[in-house]
Structures are given as structure tokens and as C-alpha cells.
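The structure that follows is given in the form of C-alpha cells.
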Amino acid sequence: QVQLVESGGGLVQPGGSLTLSCAASGSIFSDAVMGWYRQAPGKQRELVAIITRGGNTKYADSVKGRFTISRDNAKNTIFLQMNSLKPDDTAVYYCHYNRGLVSWGQGTQVTVSS
């Protein structure tokens, strides 16, 4: 079983930046794909960004050029650097681990508001 612990959410003004972190522990396989999803009130959970062990990435069109996902394999940790934040980015952000079986973190709230 894999445990995921997110941190770094909070309240930020439009145009601001935040960095999310997710530390994985437990029965971890280093070749797992990890990433971030988000869910806004009244909406379905959606992909934000994913990253492979080798550093290949995929982003949602809505965050391309603003968000950057990265990974520290030695620490089993991923990061999401979020710049130029918009009110539409407001959501609960969930860390995701996928190696056949999927694990989710508990989520961290990101609120973009003036």
C-alpha cells in the first residue's frame, strides 16, 4: 500500500504562485507514474499534470506554460510549481500514484482569490 501526503496549498491572489509537494511512502515502485489532479466544486476530478520516473510529462491544456511538475526520485516526492494562478485554478489538488493499482492523497485546497 502507498501513502501520499500533500502539502503547500493555500490562499493566493490572482497572478500569484504556489508550490505543492507530495511525498510517497510505503510499498513504492520507482517506475510508477505520479501526478496531480484537481476537483473544483460541482465539477469532476481532472488531470493537471503527470510525470514518469524518467521525467516525461503531460499537462492539461489549461495549465500549460503556467504549471511545472517535477520529481525527486531519491525522496519519492513530486512537486507542482504553479505560476500565474487564476481564479479558475481554485480546487482541491490531489496527488496520484499509478502502477496498475492507484493511490490518492487526501487533497490540499488551493484558492485563488483577491
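Computed over heavy atoms, backbone and side chain alike; hydrogens, waters and symmetry mates excluded.
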Sub-4.5 Å side-chain heavy-atom contact between Leu80 and Glu6: no
Candidate pair Leu85 and Gln13, rule side-chain contact (heavy atoms from CB on, under 4.5 Å), full reasoning: CA-CA 8 Å; Leu85 283 161; Gln13 292 186 341; over 6 Å; no
Point-to-point distance, once rounded to the nearest 0.5 Å, from CG of Leu4 to OG of Ser103: 5.5 Å
Inter-residue atom distance Lys58.NZ - Thr52.OG1, 0.5 Å rounding: 12.5 Å
Pairwise side-chain contact, Asp72 with Phe79, heavy-atom cut-off 4.5 Å (strictly under): yes
Minimum side-chain heavy-atom gap Lys86-Arg66 below 4.5 Å: yes
Side chain proximity check, Arg45 to Arg38, heavy atoms < 4.5 angstrom: no
Considering all heavy atoms, the nearest Ile78-Cys95 contact: CD1-SG, 3.9 Å
Check: Pro87 and Pro14 side chains under 4.5 Å, non-hydrogen atoms: yes
Stepwise ring pair (Phe, Tyr, Trp, His ring centres under 6.0 Å) test for Trp104 and Tyr97: CA-CA 7 Å; Trp104 294 95; Tyr97 172 100; over 10 Å; no
Validation row, ring centre Phe67 to ring centre Trp36 under 6.0 Å: no
Cluster link Ile50 to Ile28, ILVMFWY, side chain under 4.5 Å: no
Side-chain donor or acceptor of Thr90 paired with backbone N/O of Asp88 under 3.5 Å: no
Backbone of Val33 reached by a side-chain donor or acceptor of Asp31 within 3.5 Å: no
Leu11 atom CG, neighbour heavy-atom count above 12 within 6.0 Å: yes
Side chain to side chain contact (heavy atoms under 4.5 Å, CB included), paired with Met82, selected from Asp89, Leu20, Val48: Leu20
Joint cluster assignment, Tyr93 & Val12, ILVMFWY side-chain distance < 4.5 Å: yes
Interatomic spacing from CZ in Arg99 to CE in Met34 - rounded to 0.5 Å: 13.5 Å
Evaluation steps, side-chain hydrogen bond (donor to acceptor under 3.5 Å, both in side chains), between Ser17 and Asn83: CA-CA 4 Å; Ser17 299; Asn83 298 325; 2.9 Å; yes
Backbone N/O of Ile51 and side chain of Arg71: donor-acceptor pair under 3.5 Å: yes
side-chain contact (heavy atoms from CB on, under 4.5 Å) against Val5, all qualifying residues, sequence neighbours excluded: none
Side-chain (Gln1) to main-chain (Gly26) donor-acceptor, under 3.5 angstrom: no
Side chain Asn73, main chain Arg53, donor-acceptor under 3.5 Å: yes
Common cluster, Leu47/Val92, ILVMFWY with side-chain heavy-atom separation under 4.5 Å: yes
Joint hydrophobic cluster, Tyr59 plus Tyr37, side-chain heavy atoms closer than 4.5 Å: no
